[in-house]
Every structure is written in structure tokens, then in C-alpha cells.
Amino acid sequence: MERVGFVLTLGALAAVTATSIDICIPAQPEIARELGEDPTAGAALVSFFLLGYGPGQLFWGPLSDRYGRLPLLVIALGGFLVASLVCATTSSMEVLVWARFAQGLVGGGAPVIARAVARDQGGGPKTAALISTMTIVLGAAPLVAPSIGSGLLTLVHWRGIFWFLCLLALALLALVFLHLRDARRPAADSVLSLPLYLQGAIRIFREPDFLLGTAISSSIFLGYAAFLSVGAVVAELRYAVSPTAFGPIFAIAALAFILGSLIARQSVRWLRNETIILAGAGVGAFAGLWLLLWADAGLSLVAFWSLVSAFTLAMGMLLPVCVAKALEPAGLAAGAASSLLGVIQVLFGAAGSILAASSLFEDAYQALAVLMPSSAFAALAFSVIALATVKRSRPAPGSK
């Protein structure tokens, strides 16, 4: 039971940011309208969160390498609690989006440190399987969070969403003290300094596994973040799906993500990481291709959501294996590597969110029809490079 609690706690920590984003999706248009803005302005609740989350990860990993995982988790979750309180009580859209920025800045410590703890368990297939299990728990966030958000909109008010996040922070603090008391402490002679951090970052960026794992996961995340930003707007304006009905529909895509993570978890036992990655990227590219080809034909809600779900299934296959691949060369610097990986992923996500809500496209639907396929094609291209790199590095038969 202790091991189960350990794994579930890591998964819950990894899901903090996803929960924080997904629970707000059904309410974004309503929040913007109530605070005197256009409904599309609600996309800022995602983009500002990601803008805080991305750069904020730079220091959480290295600090946890130096001072230990547990103290930094407590600080990160405490800061997330305070930022959530501000979100729940403000009546200003400007204050709300900056509070969301703060949520991302401090809340980002939870998934960064959770990934580092997973890498601390030894690396290799063991870490890949653990991260896959964490990703399955992570998949519950988009499955449950939008439905919670929709339910809170029906029962109370959009502010109830942020009060729920306050309770989540308190619950996670309790789980951390129960199950992560023995998280790895830093070496007694470890010293945190900017030159050493930069040297470690340069070393990590020289590792092909880190570069390719990061490139693939970041590419696919760009398309997913675009969907998170304007998916509710597309559902409401194009398909007449109400905010309260969006949660259950979103859960279909979340179930596909969980299925992809389950496939990845089972596959790491007998397939090379690169083979799983190529298969996942192929599924994403297939969904993206049809979304691109049929965009002008006016897809029905069922057809559109089927392609979105295929895309999220591909992401569920890719994320755990790509993260394990990227962290494998890190060794004891897992915190720093997790930070760098997270920063790059989320900056790609922020770019996808901003582009989806920009004036580059005629509407939100066209934005998704371009950005999701583009991200999937990029992930496939990097996956082919990853597989080719492994084949080139494999020793010839009979060589020593």
C-alpha cells in the first residue's frame, strides 16, 4: 500500500498543472464575459498560466537537487495555495490573469520535482514504467477536471473552481507528508551556483536522448495547448455545446489520453522506446492529416471530436516515453534536467495557446485545424530522427 500511495502521490503532483488548466476550460468564456471582456479573452487564463509555468520551472529542479525534494514541494504547493486564493477572490480580469501567472510559476514545482523523484528510482525501463503510471494518473485530470468545472458552474459560481484548487493544494500537502517523507536528500557537499548550473545545462543539452525526447514531447504539446485554449470556444460557437456540457465531451478525449498512456506502459516491457514513440507520432500525424484535409468540409462534432481524441491518444503514448528518454542521461542532476524539459515543453505550449487565440486565423476552428496537424507532423519528423539515431548507434553484428 505504501508503494501505491507513493506512485499515486507522484501522479497527483504531476497532474497539478493539468488540473489547474483543464478545470477552468468550461468557465473561460463565462469568466471573461462576467469581468467585462470578450469570451475569447478567456484564453488568457491558459496562456498566462503557461507563461508562468514555463520559466518558473527553471529553478525548481536545481533547487530540489540542492535542498531536497520534500522542502521544495512544500514551498511550491504553499505558493500555489496562496495564488489560488487570489484567483477565487478577485473581481478584476487583470488581477485574475496575473494570479494565474503566479499559479503557474509556483505550481510548476510539483510536476518538475515529481519527475525528478521518478528518475531518482534508478532510470531505465523502471523509470519509464513509473512515469507511464504517473501519466495515467495525469490523464485523470483532463477526464475529471472539466466535469468538475462544469459542475461547479452549475451548482455555485466560477469562483468555486478556484476554491476547489485551494482544497487540492491542501490535500496534496497532506499526501506529500504521508508518502514522500523519504524523497532523496542532496549530497552533503552539493553546492548550488549559477556556473555549475550552466555547466550542467550545457552537458544535458549535448545529450541526443534529451534533445529528441524534449523535441517530440514539446511538439505534440503545442497542438494540445492550442486545443486547451480555444477548444471550449470552438465547441460553443461552432457546435452549440454549452459550458456545462463541455466537461463530459472533453472526458472522451481524456479517456483516449489515458488509453495511450496504458499502451505505453505495457509496451515498454518488450519494445524499444523509439518504436513506441514512432507509433504514437504516427497516430497523431494520421489524426492531424485528416483534420487538415477535412477542415474546409465542415466536420461534424462527432468527426471533429474523434480526430481530437486520436490526437490525445497519440500524446498519451508519447509523453511518458519521451520524458523517460529525455531524463535518462541526467543521473543525479534529474531535477535540473526535469526543469529544462518542463520549460521547453511549456514554452511550446504557451506558443500554441497564444497562436490559437491570435488574429493569424479567421477563427478558433481554423486555428486548431492548422496548429494540431502541424504539431503532430513535427513530432513524427523528430521521431523518425530518434529511430534513425538509435539504428546508427547500434553496433554492427559481430562487433565488440
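Computed from a predicted model, the values in this text were never measured in an experiment.
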Taking atom CG of Leu228 and atom OH of Tyr224, what is their separation to the nearest 0.5 Å? 4.5 Å
Audit row: Glu328, Asn273, side-chain contact (heavy atoms from CB on, under 4.5 Å) steps and yes/no: CA-CA 11 Å; Glu328 184 62 26; Asn273 284 350; over 6 Å; no
Between Ser217 and Thr214, is there a donor-acceptor pair closer than 3.5 Å when you use the side chain of the first and the backbone of the second? yes
Nearest 0.5 Å, what's the CE-SG distance between Met317 and Cys322? 10.5 Å
Any side-chain heavy atom of Leu307 sitting closer than 4.5 Å to one from Leu299? yes
Non-hydrogen side-chain atoms of Phe304 and Tyr239 separated by less than 4.5 Å: yes
Compute the ring centroids of Phe250 and Phe227, then answer whether they are less than 6.0 Å apart. yes
Among Val323, Ile220, Leu222, side-chain contact (heavy atoms from CB on, under 4.5 Å) partner for Gln345: Val323
Ser219 versus Ser375, closest heavy-atom pair with distance: O-CB, 2.9 Å
Could you go through Phe348 and Ile344, starting from their C-alpha distance and side-chain angles, then the distance that decides it, and tell me whether this counts as side-chain contact (heavy atoms from CB on, under 4.5 Å)? CA-CA 6 Å; Phe348 269 69; Ile344 296 169; 3.9 Å; yes
Do the non-hydrogen side-chain atoms of Phe205 and Leu340 ever get within less than 4.5 Å of each other? yes
Is there a chain of hydrophobic side chains (I, L, V, M, F, W, Y, each step under 4.5 Å between heavy atoms) that links Ile252 to Val241? yes
Identify the heavy atoms of Ala287 and Ala310 that sit nearest to each other, and give their distance. CB-CB, 3.7 Å
Atom CG in Leu259, atom CG in Leu313: separation rounded to 0.5 Å? 5.0 Å
Do Ser20 and Phe80 have side-chain heavy atoms sitting under 4.5 Å apart? yes
Looking at Val233 and Ala364, what are the two nearest heavy atoms and their distance? CG1-CB, 4.4 Å
Side-chain touch Ile277/Phe382, heavy atoms, less than 4.5 angstrom: no
Ser338 side chain to Val112 backbone, donor-acceptor under 3.5 Å: yes
Heavy-atom check, side chain of Glu274 versus side chain of Lys325, under 4.5 Å: yes
Any chance you could measure Leu105, atom CG, to Leu51, atom CG, to the nearest 0.5 Å? 11.0 Å
side-chain contact (heavy atoms from CB on, under 4.5 Å) evaluation trace for Leu371 with Phe361: CA-CA 10 Å; Leu371 292 174; Phe361 305 100; 4.1 Å; yes
Would you sort out whether Leu77 and Leu13 count as a side-chain contact (heavy atoms from CB on, under 4.5 Å), showing the intermediate values? CA-CA 9 Å; Leu77 292 172; Leu13 290 170; 4.1 Å; yes
Taking every non-hydrogen atom, the tightest pair across Leu292 and Phe377: CD2-CE1, 4.3 Å
Report yes or no: do Leu45 and Leu152 belong to one cluster of Ile/Leu/Val/Met/Phe/Trp/Tyr joined by side chain heavy-atom distances under 4.5 Å? yes
Whether the side chain of Arg100 engages the backbone of Ser47 through a donor-acceptor N/O pair (distance < 3.5 Å, no angle test) should be reported. no
Sidechain-backbone polar pair: Ser358 side chain, Leu355 backbone, donor-acceptor under 3.5 Å: yes
Applying side chain to side chain donor-acceptor pair (under 3.5 Å) as the test, list every pair that has at least one member in residues 89-99; sequence neighbours left out. Ser91-Arg159
Counting only N and O atoms by type, is there a donor-acceptor contact under 3.5 Å from the side chain of Ser353 to the main-chain atoms of Gly349? no
Which value, rounded to the nearest 0.5 Å, describes the distance between Glu34 atom CD and His157 atom NE2? 3.5 Å
Decide if the gap between the ring center of Tyr365 and the ring center of Trp294 is smaller than 6.0 angstrom. no
Looking only at heavy atoms, what is the nearest atom pair of Leu70 and Leu180, with distance? CD1-O, 4.1 Å
Out of curiosity, does Leu168 fall in the hydrophobic cluster containing Leu81 (side-chain heavy atoms, cut-off under 4.5 Å, transitive links)? no
Exercise: identify the closest heavy-atom pair between Cys87 and Trp158: O-CZ3, 4.1 Å
Is Leu319 reachable from Phe286 through a run of I, L, V, M, F, W or Y residues, each pair having side-chain heavy atoms under 4.5 Å apart? yes
Are side-chain heavy atoms of Val86 and Phe162 found at a separation under 4.5 Å? no
Which distance, rounded to the nearest 0.5 Å, do you find between the CG of Leu85 and the SG of Cys166? 4.0 Å
Side-chain touch Trp60/Ile75, heavy atoms, less than 4.5 angstrom: yes
Check whether Leu165 and Met93 end up in the same hydrophobic cluster, where Ile, Leu, Val, Met, Phe, Trp and Tyr are linked by side-chain heavy atoms less than 4.5 Å apart. yes
